[in-house]
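Inspection log for the structure reproduced underneath, given as structure tokens.
Bear in mind that the values here come from a model prediction, so they are computed numbers and not experimental data. We count residues from 1, following the sequence as given.
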Amino acid sequence: MTELMVDARNIAKQYGAIEVLKSVNLQVKRGEVTCLIGPSGSGKSTLLRCINHLEKHDAGELFVDGELVGYELKDNRLFERKSSEICESRSEIGMVFQRFNLFAHLNVLDNITIGMIRVKGLSEDAAVAKARELLRRVGLVNKEASYPSQLSGGQQQRVAIARALAMEPKLMLFDEPTSALDPELVGEVLEVMKDLANSGMTMIVVTHEMGFAREVADSIYFLDQGVIEESGEPQQVLSNPRSERLQNFLSKVL
């Protein structure tokens, strides 16, 4: 078991002529919460998607729990893993998106159990029992028969978190999980995330919620134009920023 859950070394990614990530380095220890902050288009979400191989990085090495993400090394050359192997590794990494990504045709209970049954091979009874336990954890025990269209945005996002947790991930990735919510619904999602952080889950969170980052994060990385401009503990990054670019960014969001 390695101390580092995520170890990104000189990660680069570009779309055509646009360099989205430029030699990014990121280390997240097991049990830590890391927040990625920065302006829109700075590469935060792309970095998150590279970590579970939803995007293929063009250069550098990316390790999760000591294993190369998406590739294997043979004769000093990298080869992309088979799709089945990538999917198996991805099942150990929970991902929560901005727009919830729930299955509209399934009720809440089925949204949570489907992965446990089809991917994990759990019996329906075992999957239902675990789903109900998770619904209690996120405060939605009375919504198991509801469909996504019948839920508020905050409720849908809490279902999405429960669905990700159902796969028993070793790492949770959150891509601006509150940005699509009405302001009064943000708090209920952040409370679930705080509870998750307090339980010892390793988390990487792309967020504009600076209060959450200050309270929960062990480390914060500020990205701008594909580069990590500054990183450190919340007190240092948010209260005593060194770079002028970070100072300007914080003056607009704090």
Side-chain angles (χ1 to χ4, degrees), residues 3-6 26-38 44-45 47-48 51-52 64-65 92-102 108 111-112 130-144 151-223 231-239 249-250 253-254:
E3 182 188 20
L4 289 179
M5 178 60 77
V6 177
L26 171 82
Q27 285 78 41
V28 181
K29 293 181 181 178
R30 192 178 302 274
E32 279 191 347
V33 177
T34 294
C35 286
L36 307 181
I37 66 172
K44 308 182 300 297
S45 294
L47 177 58
L48 208 67
I51 290 171
N52 67 355
V64 171
D65 203 14
E92 298 181 325
I93 302 173
M95 182 88 173
V96 177
F97 300 88
Q98 289 182 31
R99 293 287 176 179
F100 327 131
N101 286 17
L102 299 176
V108 165
N111 260 285
I112 298 172
K130 185 167 184 62
R132 286 174 173 158
E133 173 190 331
L134 289 167
L135 285 171
R136 280 193 293 274
R137 184 172 183 180
V138 299
L140 292 173
V141 71
N142 62 335
K143 296 293 185 181
E144 66 175 55
L151 303 176
S152 70
Q155 290 170 336
Q156 289 186 64
Q157 195 62 291
R158 285 186 279 159
V159 173
I161 293 172
R163 182 179 61 179
L165 292 175
M167 303 301 287
E168 298 183 340
K170 56 189 175 185
L171 170 67
M172 284 285 288
L173 308 176
F174 294 86
D175 188 5
E176 298 191 39
T178 61
S179 65
L181 302 179
D182 292 332
E184 66 267 24
L185 302 177
V186 169
E188 64 189 49
V189 174
L190 293 181
E191 283 303 315
V192 171
M193 293 172 64
K194 289 175 187 177
D195 176 70
L196 193 56
N198 290 335
S199 74
M201 174 64 74
T202 310
M203 299 163 57
I204 304 178
V205 184
V206 174
T207 186
H208 292 294
E209 300 291 339
M210 296 301 135
F212 172 83
R214 186 188 299 275
E215 181 180 349
V216 177
D218 295 288
S219 61
I220 296 177
Y221 286 73
F222 171 64
L223 279 79
S231 64
E233 296 180 354
Q235 179 66 22
Q236 169 62 46
V237 173
L238 298 180
S239 299
F249 173 76
L250 292 176
V253 298
L254 287 178

For the atom pair [atom1] ([X]) and [atom2] ([Y]), what is the distance rounded to the nearest 0.5 Å?
X	Y	atom1	atom2	answer
Gln156	Asn111	CD	CG	9.5 Å
Arg137	Leu165	CZ	CG	5.5 Å
Glu176	Leu181	CD	CG	11.5 Å
Ile204	Met5	CD1	CE	9.5 Å
Glu209	Met193	CD	CE	9.0 Å
Gln27	Ser219	CD	OG	9.5 Å

Measuring only between side-chain heavy atoms, which start at C-beta, is [X] closer than 4.5 Å to [Y]?
X	Y	answer
Met172	Met95	no
Phe222	Leu238	no
Val28	Leu4	no
Ser179	Gln98	yes
Leu196	Met203	yes
Ile112	Leu135	yes
Asp175	Val96	no
Ile51	Leu171	yes

Which heavy atom in [X] sits nearest to a heavy atom in [Y], and how many Å separate them?
X	Y	value
Val189	Gly154	CG2-O, 3.7 Å
Gly31	Asp218	O-OD2, 4.3 Å
Val216	Ala197	CG1-CB, 3.5 Å
Pro169	Gly94	CB-N, 3.4 Å
Ser152	Leu185	CB-CD1, 4.1 Å

Run the side chain to side chain contact (heavy atoms under 4.5 Å, CB included) check on Leu140 and Val159 step by step: do they pass?
-> CA-CA 8 Å; Leu140 292 173; Val159 173; 3.6 Å; yes
Tell me, with the steps shown, if Phe212 and Val205 meet side chain to side chain contact (heavy atoms under 4.5 Å, CB included).
-> CA-CA 10 Å; Phe212 172 83; Val205 184; 4.2 Å; yes
Is the shortest side-chain N to carboxylate O distance from Lys194 to Glu191 below 4.0 Å?
-> yes
Can a salt bridge be assigned to the pair Asp65 and Arg30 using a cut-off of 4.0 Å between side-chain N and carboxylate O?
-> yes
Quick check against the 3.5 Å criterion: does [X] have a side-chain atom that pairs as donor or acceptor with the backbone of [Y]?
X	Y	answer
Lys44	Gly38	yes
Gln236	Glu233	no
Ser231	Tyr221	no

Output, in order, the C-alpha distance, side-chain angles, deciding distance and verdict of side chain to side chain contact (heavy atoms under 4.5 Å, CB included) for Leu26 and Leu36.
-> CA-CA 10 Å; Leu26 171 82; Leu36 307 181; 4.2 Å; yes
Residue pair Lys130, Glu168: steps toward the salt bridge (charged side-chain N to carboxylate O under 4.0 Å, His left out) verdict | CA-CA 11 Å; Lys130 185 167 184 62; Glu168 298 183 340; 3.5 Å; yes
Assess whether side chain to side chain contact (heavy atoms under 4.5 Å, CB included) is satisfied between Glu92 and Met167, documenting all intermediate values.
-> CA-CA 7 Å; Glu92 298 181 325; Met167 303 301 287; over 6 Å; no
